[in-house]
Amino acid sequence: MTGPDSDGDATLAYHARSKHHLDRYAAGPETLDWDAQPNPYRDFAGAARVPLAFGALQVSTRYGQLHAPDSIPPATLSHKALSAVLEMAFGLSAWKEYGPDRWALRCNPSSGNLHPTEAYVLARGLTDLPDGLYHYVSRDHMLEQRRVPTEPSDAPPQRPQLWIGLSSIYWREAWKYGERGFRYCQLDIGHAVAALRYAAATLGWRATLVEGLDREALAKLLGLDRPEDFSGVEQEEPDLLIRIAPDADASPPPAWPDASQWHGRANLLDPHPMYRWPAIDVIATATRGDATIAAPAMHAEFPSIVHPSSLQASRLILARRSAQRFTAKSSMKRGDFYRMLDCLLPRDALPWDVCRHAPHLHPVFFVHRVEGIEPGLYALVRSSAADCALRDALRSDFLWQRPEHAPAHLPFYQLSAQDCRRVARDVSCHQAIAGESCFSLSMLGEFQPMVSERPWMYRHLHWEAGMLGHVLYLEAEAAGLRGTGIGCFFDDAVHALLGIVDDRFQAIYHFTLGQPLADPRIATEPGYPGRDESA
Ligand SMILES: Cc1cc2nc3c(=O)[nH]c(=O)nc-3n(C[C@H](O)[C@H](O)[C@H](O)COP(=O)(O)O)c2cc1C
């Protein structure tokens with residue numbers, strides 16, 4: 001990549017070149033050998049393995065309770081409780097089999113099921129788990145002990161402390177999606193953060209982004225800056241660190257002594273990479289900056305959600321799936337639709353309490369089949385600060401009318417009345433799932449000048465989009481429906497449809513939701529033989 005001389009310019013240039021167009025997809029591999037897919041599991045050979053328990057299905061919290069956290073007595077931070085959180089956030093949810101093919105699904109979704117996200121655990125003072133840094137292996141639901149502090153560095157904690165760090169292996173997505181793969185890795189991080197937040201909430205815990213950590217500090221904490229452990233293999237990009245605690249604990253991450261013992265060497269995931277995508281290295285560097293910023297902003301005060309679902313939260317989380325097809329005729333209830341929208345509004349509740357940043361994404365809905373809501377285009381304006389700019393950026397003939405029965409606090413507007421099944425499908429890379437569902441949506445991100453001035457916000461925009469998608473995935477399950485993330489869309493065709501002519505707003509992620517059609521040819525098996533799913 002040549003030309004851009006600032007990180008902001010590089011970020012804009014990457015975004016432009018990674019767009020899909022109606023007549024041309026972003027640069028990617030010309031052929032794919034599915035048998036040569038990069039290994040979706042990272043291992044650290046030589047590290048001690050610590051088995052985890054299967055306890056998720058013993059957690060009896062109801063899904064509706066997650067919105068009323070005071071109703072969930074916080075569990076003690078222990079090996080057992082940590083096991084349950086990892087199982088619900090990043091563990092395997094099922095094995096699928098079709099003909100000769102067999103593949104695992106996880107609680108966190110991933111573009112192309114390629115799973116670029118790795119999870120690390122930093123623990124201090126937990127019962128039954130020695131202090132140190134661990135890497136989570138979802139395939140076996142166990143931890144690998146990467147770092148063992150040989151002596152206490154600072155004052156021993158008064159109580160157990162836990163952090164979970166996330167990193168990305170870009171090659172896993174770039175292998176299939178080429179240059180656009182960086183975007184998918186960031187969206188996957190957003191899903192993983194929300195998956196972790198919901199999992200922690202089932203145990204009455206908080207999960208909070210540790211702010212003000214720069215890349216070097218995070219790489220050091222997660223052991224990703226050790227060339228001797230990663231020589232000749234795919235590198236990991238540190239993304240963020242989340243503090244898990246029963247209350248609003250703000251302890252800093254541990255400062256273990258350099259004398260700690262390190263164990264394990266990372267495995268090689270793809271012995272014969274066929275392509276290189278230097279544009280991904282450029283965008284990764286350009287968006288590093290202060291990816292975990294301080295300067296929190298208060299969320300707007302929306303009324304609390306009273307969620308009616310009495311389903312067991314852990315069972316619902318383990319059952320989350322992407323729909324492959326929808327019944328093209330069923331509609332959904334208006335009350336379920338409005339509750340889903342309500343859950344997308346930023347408030348001091350899960351998952352938005354992970355990081356109290358101002359919202360920068362505003363979904364435009366293609367409503368196809370929601371009882372009592374006229375088919376057409378609608379907008380949910382998630383922050384009043386963006387209201388004027390959004391109205392100004394979208395088509396001047398849009399209606400901006402509040403639907404008659406919409407809850408009073410919901411900033412939800414009808415833009416046009418139309419059958420948008422076909423256009424929704426066309427802008428989502430012609431994928432039928434976008435038109436056959438009850439509704440689909442395009443998440444518009446505030447883009448310029450924010451991204452030029454603070455290029456690391458490019459990552460944040462995708463994280464926020466992934467979190468929005470994750471809320472919809474779980475809300476769909478709670479309503480007896482199913483969702484699917486859509487990373488493949490024709491960026492500028494979406495913009496043209498909505499009248500967007502500059503880059504003040506850009507489409508970041510699509511999603512679709514409806515009544516799923518199961519494929520009876522695909523067999524399903526439990527995620528782990530050791531988990532009793534009837535419990
Ligand atoms: C960021 C992201 C983008 C995705 N894009 C698409 C898409 O364009 N089309 C599609 O059919 N599924 C898409 N999916 C769904 C994935 O294929 C799905 O999550 C993956 O196969 C794992 O299946 P599961 O969600 O049932 O666990 C996407 C998922 C994510 C998280």
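Remember, it's 1-based here, ligands and their atoms both numbered in the order they're listed. By convention here, the first residue in the shown sequence is residue 1. Hydrogens, waters and symmetry mates are skipped; everything else that's a heavy atom, side chains included, is used.
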Residue list, side-chain hydrogen bond (donor to acceptor under 3.5 Å, both in side chains) with Thr327, at least two apart or on another chain: Ser330

For Arg421, enumerate each residue passing the salt bridge (Lys or Arg N to Asp or Glu O under 4.0 Å) test, keeping only those at least two apart in sequence or located in another chain. Asp419

So which residues, sorted by chain and number, lie with a heavy atom under 4.0 Å of ligand 1? Leu105, Arg106, Pro109, Ser110, Ser111, Gly112, Asn113, Leu187, Asp188, His191, Arg320, Arg321, Ser322, Gln431, Ile433, Tyr473, Thr484, Gly485, Ile486, Gly487, Cys488, Tyr509

Verify whether one side chain among Gln506 and His15 offers a donor that lies under 3.5 Å from an acceptor in the other. yes

Given Leu377, which of Val367, Leu415, Leu394 fulfils the side chain to side chain contact (heavy atoms under 4.5 Å, CB included) condition? Leu415

Using a distance-only test with no angle check, is there a side-chain donor-acceptor pair under 3.5 angstrom linking Thr512 and Ser437? yes

Taking only residues two or more places apart in sequence, or in another chain, which ones meet Arg243 in a salt bridge (Lys or Arg N to Asp or Glu O under 4.0 Å)? none

